[in-house]
Amino acid sequence: MGEPLGLLKVIVVQGKRLVVRDFKSSDPYVIVKLGNQTAKTRVISSCLNPVWNEELSFSLKESAEILNLQVFDKDRFKADDKMGHAHLSLQPLISAARLRQILGVSSGETTLRKVIPDTDNCLAWDSTISCINGEVVQDVWLRLSDVDSGEIELKIKLTNPSPVAPSRSR
């Protein structure tokens with residue numbers, strides 16, 4: 001099942017250059033999944049550059065290391081259209097949270113780690129993980145897959161991280 005690591009807050013900030021799925025625009029919303037937990041933003045009508053600024057909360061467990069998101073166009077009379085998907089490995093965030101605890105950083109702002117685009121994520125460009133007033137925070141732009149264009153901005157915060165377990169020698 002995995003050890004609880006803390007509360008993961010995912011702020012779906014905005015989308016840019018999303019694809020057209022209706023006549024001239026789209027009515028986008030985002031579904032975020034972490035393990036068996038799912039949350040959804042509200043629908044923004046007729047917009048290809050939506051601003052949500054919605055916070056979705058998840059319980060982060062050791063076993064759930066990949067954050068998945070899907071963007072859809074809301075349709076009234078038929079199935080919602082896919083507008084792309086993306087994923088992000090949470091392992092860098094988890095290891096940065098452990099580093100923060102080891103270093104005892106709890107106030108002010110400290111950069112803990114830089115994450116570069118690779119196969120473990122859909123990052124549009126480099127991202128940094130910082131400790132800001134006791135929270136481990138990562139700002140990311142994710143490039144949507146399986147579509148011609150589209151990016152989603154997220155701010156991810158790990159709060160109330162559980163204490164670091166003592167390491168076991170092997």
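- The side-chain heavy atoms of S46 and D27, taken from C-beta on, include a pair separated by under 4.5 Å.
- With a 4.5 Å cut-off on side-chain heavy atoms, L60 and I94 count as touching.
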Checklist entry - Going through the distances and angles, do Q138 and K155 end up as a side-chain contact (heavy atoms from CB on, under 4.5 Å)? => result CA-CA 6 Å; Q138 182 177 12; K155 181 180 283 253; over 6 Å; no
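- Among residue pairs with one or both ends in residues 19-62, those qualifying as ring pair (Phe, Tyr, Trp, His ring centres under 6.0 Å) are Y29-F72; sequence neighbours excluded.
- Taking 4.5 Å as the limit, every side-chain heavy atom of K114 sits out of range of all side-chain heavy atoms of S127.
- Applying the 6.0 Å contact sphere to CG of D148 captures no more than 12 heavy atoms from other residues, nucleotides or ligands.
- Residues L7 and S57 approach most closely at CD1-CB, 4.0 Å, considering heavy atoms.
- Counting heavy atoms from C-beta outward, T38 and V32 have side chains that stay 4.5 Å or more apart.
- No donor-acceptor distance shorter than 3.5 angstrom exists from the side chain of D22 to the backbone of K24, with no hydrogens or angles considered.
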For residues 83-91, tabulate all N or O donor-acceptor pairs below 3.5 Å that involve a side-chain atom, not counting sequence neighbours.
unit_1, atom_1, unit_2, atom_2, d
H85, NE2, D146, OD2, 2.7
H87, NE2, T119, O, 3.4
S89, OG, Q91, N, 3.3

Item to check | Audit row: S26, V19, side-chain contact (heavy atoms from CB on, under 4.5 Å) steps and yes/no | outcome: CA-CA 7 Å; S26 293; V19 293; 5.6 Å; no
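- You'll find the side chain of I156 stays beyond 4.5 Å of the side chain of V137, heavy atoms only.
- Within the 4.5 Å cutoff, side-chain heavy atoms of S145 are placed close to those of C122.
- Annotation for P28 and L18: closest pair CB-CD1, 3.8 Å, computed over non-hydrogen atoms.
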Tabulate below the donor-acceptor pairs under 3.5 Å that side-chain atoms of residues 8-16 make, not counting sequence neighbours, or state none.
unit_1, atom_1, unit_2, atom_2, d
Q14, OE1, K16, NZ, 3.4
Q14, NE2, E153, OE1, 2.6

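- In terms of heavy-atom proximity, L112 sits nearest to A96 at CD1-O, 3.4 Å.
- Pairs passing the salt bridge (Lys or Arg N to Asp or Glu O under 4.0 Å) check and including a residue from residues 34-47, sequence neighbours excluded, read R42-E54.
- Linking Ile, Leu, Val, Met, Phe, Trp and Tyr residues whenever their side-chain heavy atoms come within less than 4.5 Å leaves L154 and W141 in two separate clusters.
- The salt bridge (Lys or Arg N to Asp or Glu O under 4.0 Å) test applied to D73 returns no partner, not counting sequence neighbours.
- Inspection of the R113 and T128 side chains reveals no N or O donor paired with an N or O acceptor under 3.5 Å.
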Item to check | Worked check of side-chain contact (heavy atoms from CB on, under 4.5 Å) between L93 and V136 | outcome: CA-CA 7 Å; L93 186 78; V136 179; 3.7 Å; yes
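- Here the closest heavy-atom approach between residue T159 and residue E135 is recorded as CG2-OE2, 2.7 Å.
- For R17, the salt bridge (Lys or Arg N to Asp or Glu O under 4.0 Å) partners at least two apart in sequence or on another chain are E151.
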Checklist entry - Could you go step by step and tell me if S25 and L48 meet the side-chain contact (heavy atoms from CB on, under 4.5 Å) rule? => result CA-CA 6 Å; S25 190; L48 299 178; 4.0 Å; yes
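- Here the side chain of N121 pairs a donor or acceptor atom with the backbone of L123 at under 3.5 angstrom.
- Placement of I31 and I152 in two distinct hydrophobic clusters is found when ILVMFWY residues are connected by side-chain heavy-atom separations under 4.5 Å, directly or transitively.
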